[in-house]
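It should be emphasised that the depicted structure is a prediction, and the values quoted were computed from it without experimental measurement. Residue numbers start from 1 in every chain, and the chains themselves are labelled A, B, ... in the order their sequence lines are given, proteins ahead of strands.
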Protein chains: 2
Amino acid sequence: MAQDKDADSQTARRPRRVTASDVAEAAAVSRAAVSRAFAKNAYLDSAKRDLILETARRLGYRPNALAASLHGTETGLVGIVAGDLGREYDAAFVGALVSGLNASGKWPLVLSGSDALTTQSIRAVLGYPLDALIVRGGSVPTAAFRDAAQLHIPVIFSGRVAEAPLADCICCRNEDGARLAIEAMLDRGRRSFGYIGGPADWSSEAERQTGVQDALREAGLALCAQQQADYTFEGGRSAARQILRDDRIDALFCANDAMALGALSTAREMPGHQVPETLSIIGFDDIPLAAWPDFNLTTIRNPIPETVSQILRLVEARLSDPTRDGEVIMIAPELVARGTH
Amino acid sequence: MAQDKDADSQTARRPRRVTASDVAEAAAVSRAAVSRAFAKNAYLDSAKRDLILETARRLGYRPNALAASLHGTETGLVGIVAGDLGREYDAAFVGALVSGLNASGKWPLVLSGSDALTTQSIRAVLGYPLDALIVRGGSVPTAAFRDAAQLHIPVIFSGRVAEAPLADCICCRNEDGARLAIEAMLDRGRRSFGYIGGPADWSSEAERQTGVQDALREAGLALCAQQQADYTFEGGRSAARQILRDDRIDALFCANDAMALGALSTAREMPGHQVPETLSIIGFDDIPLAAWPDFNLTTIRNPIPETVSQILRLVEARLSDPTRDGEVIMIAPELVARGTH
DNA sequence: ACCGGATGTGAGCACGTGTACATATACGGA
DNA sequence: TCCGTATATGTACACGTGCTCACATCCGGT
């Protein structure tokens, strides 16, 4: 009866996980033998190993990966700062990245939400000894990742070039991509260009805008209209409503596909414009939606499979040699010519 | 020179993370004092605490969350079996869930990819002492989660009712939802119904189909045509191409929005059908895309915010009382009347 | 002067695991 | 018989942290 007090007063604690000691006791072997039964290259009588594995199965024992990683070995945990999974490109990107990590035995701790929440989450999650921290694009200030360096957690930026010597970076050549889009429109004889950009605090925004302006300047032109939106469909829709009020506009480049689809949606409602007869619209990223026949959007591909496999390579490289300098990998964008230009 | 061998032969090990002992030594205090400096309710001279916190900041020390959780306290790690983030509904759902977990200080280990990969990943990730495992819908066999019970890791199924007494389940009333759709179409005077379902191994599929057939039977009708697709836009497109070959079809219900959008896309290409004049199309889920003016899809809302907040509640409840019986929570779907019915 | 409580402090254990170390046995060859 | 090597096994330590326990100090009130 004395024990009842302990059992009840604690509002019913969660039952303890079965440990190697429990298995050792149940199988009447030493705890070290249990450990060896699960190790690859350890001397252990095969009959004893079978007994231990069977006992472990019966009790439901699994070596605790956390305790095992205390010795300084890799934890298998990787952080991903995922941006906003409500955005189509981010969702597709993170999906591919998560699958890739899973396939190579890494377990991603995903952070998502507002920048403020994410910044706070990053601080908290750095309390775990992560093998790496992968940052997807975005607007979270680079300063938020400074702590990671002190903790010897390698940081891999994707869609942003920052702190080059300290961290690895992998990024699409945004300038080239924007230039491809402008040139494709110039080839169609377009002369009056509009541009819908993303939020100014996004690292890619400045580069895409530079690409636009350089390409136009070289053609002896300049932007006729420009709007800043929020990378969403709805944002693209209202921005385009402003720009397309001017019927002379015959080319509209958008800094991502979601906004381009919004612009396309708006253009279809405006009798003064016909896509692609009198108006070209080109987006950026090549999200799956862009290929839907209802949109058939011409866009600049920001290739996910290639980027993800480079990230996986960088994670491995960093883990096998932590002293190497940060690498900067630039990915070449590519024009995907469809029906809107 | 003797030390050089160690340093070089190991192909440059990753530098050790700064520990409480390191801080203690640097600040000339005991290790216990460092621990106390980071604890809430501990007696510690405030000047000494300041010194320790400052030293910790300088050295880049953060308490190791893994080591701290060894004592059997909660780890803060939660598994999410995410399905396929390429699917719009899953992406939106997981995004909301991840944000919610982050906001309450939980860190989701996300698993995604093919069913085979996910099944394998689940086994591996159960090596970590997770606080909970959240399973989003899908086709991963329930058997894959049996180990979790043995490990005392609570499982929360969303979009599937399974092992009711052992695990918590939260699911939309799929039958009711399908019924709402059929009734809305009947109200429009539709009489010839087609149905595009999802893969048979999805738990929700049978329920939605049952709802369809019951509602039709009560109206003295039966399905005129039926196709099984894969929950994707493209799958919906080709399935609709089969069904709509018959011009008499005047109502098409699809088991999710992606397929409904595909069907809508097909219908627009077929001169024999006009949506909504001669053909109603209704989807299921209410993904953000459905509200885009280009589609304006009538659908059945499978509410994400409500579902996610219930999941968060269940996680907390389970953690504070691990002995409670599994709960089954049914969410009421709702007709979102837009322009396609 | 004395005492009880509040505050401050360090030693040391426990958490669960992998493995270095020491020791023991078996075996084959000289 | 002896020795070197491969196999087998238990003891004990290390990993980094939180917390208990025992002890020291201080302060206000009787």
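Between the CG atom of A/N41 and the P atom of C/dA20 there is a distance of 12 Å, given to the nearest Å. To the nearest angstrom, C1' of C/dG18 lies 13 Å from CG of B/L70. Rounded to whole Å, the distance from CZ on B/R16 to P on D/dC15 is 7 Å. When rounded to the nearest whole Å, the span between OH of B/Y128 and C1' of C/dG16 equals 15 Å. Rounding to whole angstrom units, CD of residue A/E74 and C1' of C/dT17 are separated by 17 Å. When the P atom of C/dT19 is taken as reference, atom NZ of A/K40 falls 12 Å away, rounded to whole Å. Rounded to an integer number of Å, the gap from CD of B/E25 to C1' of D/dG16 is 15 Å.
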Per-pair distances, 0.1 Å, donor-acceptor, side chain in residues 101-113 of chain B, under 3.5 Å, sequence neighbours excluded:
from	atom 1	to	atom 2	distance (Å)
B/N102	ND2	A/S112	O	3.3
B/S104	OG	B/G100	O	3.2
B/S104	OG	B/L101	O	3.2
B/S112	OG	B/G83	O	3.0

Distance-only criterion, 3.5 Å: show the donor-acceptor pairs between side-chain atoms of residues 114-133 of chain A and protein atoms not counting sequence neighbours.
from	atom 1	to	atom 2	distance (Å)
A/S114	OG	A/L117	N	3.2
A/D115	OD1	A/S139	OG	3.2
A/D115	OD2	A/S139	OG	2.6
A/T118	OG1	A/S114	O	2.9
A/T119	OG1	A/D115	O	2.7
A/S121	OG	A/L117	O	2.9
A/R123	NH1	A/D147	OD2	3.0
A/Y128	OH	B/T75	O	2.4
A/D131	OD1	A/T75	N	3.0
A/D131	OD1	A/T75	OG1	3.3
A/D131	OD1	B/R14	NH2	3.4
A/D131	OD2	A/T75	N	3.4
A/D131	OD2	A/G76	N	2.7

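Between A/I156 and A/V135 the shortest side-chain heavy-atom distance does not fall below 4.5 Å. By the 4.5 Å heavy-atom criterion applied to side chains, A/R160 and A/R136 are not counted as neighbours. With a 4.5 Å cut-off on side-chain heavy atoms, B/L151 and A/Y61 do not count as touching.
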Candidate pair B/F157 and B/I134, rule side chain to side chain contact (heavy atoms under 4.5 Å, CB included), full reasoning: CA-CA 6 Å; B/F157 288 102; B/I134 301 170; over 6 Å; no
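At distances below 3.5 Å, not a single donor-acceptor pair connects side-chain atoms of B/D321 with backbone N or O atoms of B/R318. At least one donor-acceptor pair under 3.5 Å links the side chain of B/Q150 to the backbone N or O of A/R58.
Residues A/R17 and A/A39 each lie close to DNA chain C; by heavy-atom proximity, the contact nearer the 5' end of the strand is made by A/R17.
In this structure, the helix from C/dA1-D/dT30 to C/dA30-D/dT1 shows an angle of 50° between the axis at its start and the axis at its end, each fitted on 5 base pairs and rounded to 10°.
Side chain to side chain, A/T19 and A/R31 fail the donor-acceptor criterion of an N or O pair below 3.5 Å.
Across residues 49-64 of chain A, A/Y61, A/R62, A/P63, A/N64 each have a non-hydrogen atom less than 4.0 Å from an atom of DNA chain C (numbered order).
Every pair tested for salt bridge (charged side-chain N to carboxylate O under 4.0 Å, His left out) that includes a residue from residues 40-51 of chain B fails, sequence neighbours excluded, so the list is empty.
Contact between the side-chain N/O atoms of A/S35 and the OP1/OP2 oxygens of C/dG18 is found at a separation under 4.0 Å.
At least one cation-pi condition fails for B/R36 and B/Y43: the charged atom is not both under 6.0 angstrom from the six-membered ring centre and inside a 45 degree cone around its axis.
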Nucleic acid footprint by protein, nucleotides 8-13 of chain C - heavy-atom cut-off 4.0 Å, B for base, S for sugar-phosphate alone: BBBBB-
